Amino acid sequence: MATTPTDINTREIAISAVLALRVAMNKVLKQIASGERSLTLVMQPSDELPLNELYVVKVLESFSHIGKIRARQVLDALHISHKHKIGLLNQDQRTLIVESLK
């Protein structure tokens, strides 16, 4: 079955949207690593799509004072999945994470 030009254009548009989101997500992670964004700021509810699409473990690992091991230990202790996205955390989970990492 041959693909039509419309299918190809739709696919290219979808791919470019995903790539743009990936670039924006990487920018957020770099801002976290450089200290431009604090833990309390990142853990506040936001409408920022790139931040909301990041896994909570990836965000926590990006903070230099937290690191990979501590991030995973805290999430395990709080029974929060490493693959949980920031945007899906409820307010209680956000508060517990911030309190645990002070």
Side-chain angles (χ1 to χ4, degrees):
M1 178 184 341
T3 57
T4 63
T6 306
D7 291 341
I8 293 170
N9 289 338
T10 304
R11 184 170 184 246
E12 288 175 359
I13 291 169
I15 289 171
S16 66
V18 170
L19 289 176
L21 179 59
R22 282 240 183 244
V23 168
M25 289 165 63
N26 284 334
K27 182 179 178 185
V28 169
L29 290 174
K30 286 179 184 176
Q31 290 172 343
I32 291 169
S34 71
E36 291 179 46
R37 293 184 185 222
S38 67
L39 178 62
T40 53
L41 179 66
V42 169
M43 285 297 151
Q44 291 177 356
S46 170
D47 292 334
E48 185 180 358
L49 182 63
L51 176 61
N52 289 334
E53 288 298 312
L54 287 167
Y55 291 128
V56 66
V57 72
K58 191 71 171 164
V59 169
L60 295 179
E61 289 173 356
S62 295
F63 287 101
S64 60
H65 67 281
I66 296 173
K68 290 186 176 195
I69 294 173
R70 187 166 176 221
R72 291 171 190 273
Q73 288 173 340
V74 166
L75 291 176
D76 290 342
L78 297 174
H79 304 290
I80 299 173
S81 170
H82 298 184
K83 297 299 180 183
H84 205 83
K85 293 186 177 182
I86 290 286
L88 298 177
L89 291 173
N90 62 40
Q91 189 57 45
D92 291 338
Q93 291 171 320
R94 292 170 190 268
T95 303
L96 286 171
I97 290 170
V98 171
E99 291 296 320
S100 297
L101 294 170
K102 278 188 175 179

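Computed from a prediction, not measured in an experiment: that's the story for all the values here. Only this structure's heavy atoms are used, side chains among them; waters, hydrogens and symmetry mates stay out.
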Review point. Should Met43 and Leu88 be regarded as members of a common hydrophobic cluster, given that ILVMFWY residues are connected when their side-chain heavy atoms come within less than 4.5 Å of each other, either directly or indirectly?
Key: no
Revision key, fill the gap. The complete set of salt bridge (charged side-chain N to carboxylate O under 4.0 Å, His left out) pairs with one or both residues in residues 37-47, sequence neighbours excluded, reads Arg37-Glu48
Check your understanding: Which residues satisfy the side chain to side chain contact (heavy atoms under 4.5 Å, CB included) test with Ile69, sequence neighbours excluded?
Key -> Gln73
Check your understanding: With Gln44, which residues qualify under side chain to side chain contact (heavy atoms under 4.5 Å, CB included), at least two apart?
Key -> Leu41
Residues two or more places apart in sequence or in another chain: which of them pass side-chain hydrogen bond (donor to acceptor under 3.5 Å, both in side chains) with [X]?
X: Asn52; value: none
X: Thr40; value: Ser38
X: Glu36; value: Ser34

Pairing residues for [X] by the salt bridge (charged side-chain N to carboxylate O under 4.0 Å, His left out) criterion, not counting sequence neighbours:
X: Lys85; result: Glu53
X: Arg94; result: none
X: Glu99; result: Lys102

Review point. In Å and rounded to the nearest 0.5 Å, what is the CD1 to CG distance from Ile97 to Asp92?
Key: 11.0 Å
**Study point:** Minimum side-chain heavy-atom gap Ile80-Leu89 below 4.5 Å
**Key:** yes
Review point. Do Leu39 and Ile32 come close enough that some side-chain heavy atom pair is under 4.5 Å?
Key: no
Point to revise | With sequence neighbours excluded, residues passing ring pair (Phe, Tyr, Trp, His ring centres under 6.0 Å) with His79 | key: none
Could you tabulate the donor-acceptor pairs under 3.5 Å formed by side-chain atoms of residues 55-67, not counting sequence neighbours?
unit_1: Glu61; atom_1: OE2; unit_2: Arg72; atom_2: NE; d: 3.2
unit_1: Glu61; atom_1: OE2; unit_2: Arg72; atom_2: NH2; d: 2.9
unit_1: Ser62; atom_1: OG; unit_2: Lys58; atom_2: O; d: 2.9

Please list every donor-acceptor pair under 3.5 Å in which a side-chain atom of residues 21-28 meets a protein atom from a residue at least two apart or in another chain.
unit_1: Asn26; atom_1: ND2; unit_2: Arg22; atom_2: O; d: 3.4

